[in-house]
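These numbers come from the heavy atoms of this one structure, side chains and all, not from hydrogens, waters or symmetry mates. Proteins get letters first, then strands, A, B, ... in listed order; numbering begins at 1 in each.
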Number of protein chains: 2
Amino acid sequence: MPPDAGEPSIIEPLCAVFRRKLRAEGLKYTPERAQVLATVLEFEGLFDAEAITASVRTSGLRVSKATVYRTVRLLQDAGVIQRVMLDREQALYQVVYGRAPSDLLILLDTGEAIQISVPELAAIRDAVCARHGVLPQGHRFQVFATRNA
Amino acid sequence: MPPDAGEPSIIEPLCAVFRRKLRAEGLKYTPERAQVLATVLEFEGLFDAEAITASVRTSGLRVSKATVYRTVRLLQDAGVIQRVMLDREQALYQVVYGRAPSDLLILLDTGEAIQISVPELAAIRDAVCARHGVLPQGHRFQVFATRNA
DNA sequence: CTTGGTGCAAACATTTTGCAGCACA
DNA sequence: TGTGCTGCAAAATGTTTGCACCAAG
């Protein structure tokens, strides 16, 4: 979650990150890609490809789903968003700006997914890797719960 | 594959669990279902629908993938196996007999997934749920790592 | 015997890819 | 001005479903 109430300003640094990545790969920064990035940054939690497409189109620009999927992959490569597979077979994504915790509390009755922060997990993850002699690259923690029973 | 030190006997209690579940729902215990169950119990880690189909067919019985998918759903409902979505879009499953820890160490370079046990997570999960006023139903912890860099 | 089960193939949903023209660097 | 980008539609996956026949209870 970005700090201040001036939400639009998150866009700038990430835009820079994305453009740098594109340039490094000899790729282009097109209006479609810019709009997908801007759109994606407005989502609070998890979102899927269709949500991106719909939201981008709301802003006047017409993008094809092909372009959305292609851009989503670029955004993943650039480290801007992360893919999260829940139990549906549809891919969901979340922005991983800065060092956002990718831990989730998933409410089984509503399907709602709340982003949570569990700092201890980093240490646990590192300990697990040390024990197995491998290098930690990341982790994912999902808690499943219900409101009622 | 089960070590011969008495492992094959896991089948019996689980078979009982499954049959009970089926009977409770007015469903039938067919050879196909029995063989899918038996096959699934021989996998050590994660497996997908295709692996089940192939393995069942090796044992002489010819099952369609439709039946495999239908049985897999039943096994999930019965609490015998659990679906695990990793980053591929194919569903993977694992047996959750007894109280197997569903925590995983995933090696990014090989794609290998090692089952690990992190007992502290249960407490962390419960604390998270308590803080959000919801009832814990389960959790999932995935550590991503590499062997090299 | 009755009800549910099976295989097959077609249907589905999501994501990927080939192609012809368009636009950014 | 050239390479990469776009939209479209077709292909590729992985999973589900409709149907006619078969078998468990």
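The side-chain hydrogen bond (donor to acceptor under 3.5 Å, both in side chains) search around B:Ser55 returns none, not counting sequence neighbours. Scored by the side-chain hydrogen bond (donor to acceptor under 3.5 Å, both in side chains) test, A:Arg140 finds B:Gln142 as partners (sequence neighbours excluded). Partners of B:Gln90 by side-chain hydrogen bond (donor to acceptor under 3.5 Å, both in side chains), not counting sequence neighbours: none found. Considering only residues two or more places apart in sequence or on other chains, B:Glu112 meets the salt bridge (Lys or Arg N to Asp or Glu O under 4.0 Å) condition with B:Arg147. Under the rule for a side-chain hydrogen bond (donor to acceptor under 3.5 Å, both in side chains), the partners of B:Thr67 that lie at least two apart in sequence or sit in another chain are B:Ser64. Scored by the side chain to side chain contact (heavy atoms under 4.5 Å, CB included) test, B:Ala51 finds B:Phe43, B:Phe47, B:Asp48 as partners (sequence neighbours excluded). Residues that satisfy the salt bridge (Lys or Arg N to Asp or Glu O under 4.0 Å) test with B:Glu120, not counting sequence neighbours, are absent from this structure.
For the pair B:Arg73 CZ and C:dG5 P, the interatomic distance rounds to 13 Å; values are reported in whole Å.
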Going by atom type alone, with no hydrogens or angles, which donor-acceptor pairs under 3.5 Å involve a side-chain atom of residues 74-84 of chain A and a protein atom two or more places apart or on another chain?
| unit_1 | atom_1 | unit_2 | atom_2 | d |
| --- | --- | --- | --- | --- |
| A:Gln82 | OE1 | A:Gln94 | NE2 | 3.2 |

Practice problem: Any chance you could list the contact pattern along nucleotides 19-25 of chain C? Use B for base contacts, S for sugar-phosphate-only contacts and - for none, protein heavy atoms under 4.0 Å, 5' to 3'. | Solution: ----BBS
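Among the protein residues, B:Arg88 comes within range of no part of the nucleic acid, since none of its heavy atoms lies under 4.0 Å from any strand.
In 5' to 3' order, the nucleotides of DNA chain D bounding all contacts with chain B (an atom under 4.0 Å from a heavy atom) are D:dG14 to D:dG25.
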Quiz item: Under a 3.5 Å cutoff on both atom distances, Watson-Crick or G-U, what's the dot-bracket for DNA chain C ([ ] crossing, | other strand)?
Solution: |||||||||||||||||||||||||
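Between A:Val68 and B:Leu92, the residue whose closest nucleotide on DNA chain D is further toward the 5' end is A:Val68.
Residues A:Tyr93 and A:Leu46 are members of separate hydrophobic clusters, defined by side-chain heavy-atom contacts under 4.5 angstrom among Ile, Leu, Val, Met, Phe, Trp and Tyr.
Taken residue by residue, residues 45-67 of chain B places heavy atoms nearer than 4.0 Å to DNA chain D at B:Lys65, B:Ala66.
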